[in-house]
Structure formats: C-alpha cells, structure tokens
**Student:** 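Below is the structure I would like to discuss, written out as structure tokens.
Only heavy atoms go into these numbers, but all of them, side chains included; no hydrogens, no water, no symmetry mates. In listed order, ligands and their atoms are each counted from 1. Sequential numbering from 1 along the given sequence is applied to the chain's residues.
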Amino acid sequence: MTSKNIVLVGFMGSGKSMISKLLGKRLGRKVISTDEVIIKKAGVPINQIFKDKGEAYFRQLEKDVVTEVSKESGCIIDCGGGVIINESNIESLKKAGVLFYLEASADFLYEQIKISGKRPLLDVDDPKAKIEELLKERLSFYLKADYTVASEGQSIERVSEEIASICEKLG
Ligand code: S3P
C-alpha cells in the first residue's frame, strides 16, 4: 500500500467528497478537503468568497491551501474541482501523492449537482451548458492524474474499492 497521499480530482459532482470519506474510513487515513480548509481560513462559505472577492482571489487561497496540504503524507485529499487548472497545483500534489481522476459525463454531473447543491461557477442561466464548457476546457488537466477511474454508473463503494486496490499494488 502506498504511503503517499491519495488525491482525488474531478469535476464538481463527480463524487470526490463521498468517496474520500469512504476511503478514509476503509484505509484509516485522515481526509483533507481543500474546500473545507479554504472555508476555515476564510471564515465564510465558498460562494461568499466568490461573491465578495471574486474567482481570482479564491484561486489564490486554493493554491496556498494546495501547497500546504501537499506537505502531508498518508492522507486522502479531496480537491475542489478547479484545483487542476493551475499546473503548479498538479505538480505540488504529485510530489507527495497519487492522483485519481473521477471521470463522469456532463449529463451525469448535471444530475448530481442538482442533488448536491449549487456551486458559484454554475449559478448561471444554463448550468448544463456551463458544465459542458468547463469540462471541455479542463479535460486535458484532469487527464494529467496518474489514474482515471470511472465514477459514473458505479456505486461509491465500488469506486473506492477500485482506488484502494490500485493503491495496495503501489509500493
Ligand atoms: C470549483 C469546485 C468546487 C469549489 C468551487 C470551485 C470548480 O468544489 O472548489 O466552487 O472550479 O470546479 P467541488 O468540486 O468540491 O464542488
């Protein structure tokens, strides 16, 4: 089993948070959510940060948090969906972690996001079109992860099993 961090990346609604929690329980590892750390530091919810200070400010906070959490080892790191748009974040995370991209289609993500609640970037007239646009823009970054795991059409238990089994084989 790898002693590195297990890092989950993927679009909003791809199941990162739930799968991180399951993996944390299953492997007895600490779970760190970059969004949660940002919220703690800022003292306000993510959509409030976007509203008051804008996306660029949020991305800077996110970068600082990624640098900080990349110093950990043996953790599960649940990354906000946009972490990978900054190449230096990918580099930092890869130094101490194995990256898993949770892959899903825009249709699936749209349905999941409707259930799990609004995100500031999708607070637009046509959220489905926005998901398609962002997913297209980000795909090449997500694919820089070490492994791609299909999240769509699989239970979160199955996805976490798949990730754990890959990690077991890694020295
Ligand atoms: C974002 C995803 C969100 C959160 C913020 C921006 C993005 O996290 O970090 O709203 O740019 O994709 P989740 O992927 O956990 O929803």
**Student:** Can you run down the ring pair (Phe, Tyr, Trp, His ring centres under 6.0 Å) pairs that involve residues 13-42, sequence neighbours left out, and say none if there aren't any?
**Tutor:**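 Every pair satisfying ring pair (Phe, Tyr, Trp, His ring centres under 6.0 Å) with a residue in residues 13-42: there are none.
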
**Student:** Quick test of your reading: applying salt bridge (Lys or Arg N to Asp or Glu O under 4.0 Å), list the pairs with at least one residue in residues 89-99, sequence neighbours left out, ordered by first then second residue.
**Tutor:**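 Passing the test, one end in residues 89-99: K94-D146.
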
**Student:** Kindly state each residue pair satisfying ring pair (Phe, Tyr, Trp, His ring centres under 6.0 Å) with at least one member in residues 84-137, sequence neighbours excluded.
**Tutor:**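 Sorted pair list: F100-Y147, Y101-Y142.
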
**Student:** Would a 4.5 Å heavy-atom cut-off, applied to side chains only, mark N5 and V98 as touching?
**Tutor:**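 In short, these two side chains do not touch, never coming nearer than 4.5 Å.
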
**Student:** More than 12 heavy atoms of other residues, nucleotides or ligands under 6.0 Å from NZ of K128: is that the case?
**Tutor:**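 Above 12, so yes.
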
**Student:** Under a 4.0 Å heavy-atom cut-off, which residues neighbour ligand 1?
**Tutor:**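 Within the 4.0 Å shell of ligand 1, which is judged on heavy atoms, sit M12, K16, D35, I46, F58, R59, G80, G81, G82, R119, P120, L121, R138.
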
**Student:** Do the side chain of R138 and the main chain of G81 share a donor and acceptor less than 3.5 angstrom apart?
**Tutor:**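 It does hold such a pair.
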
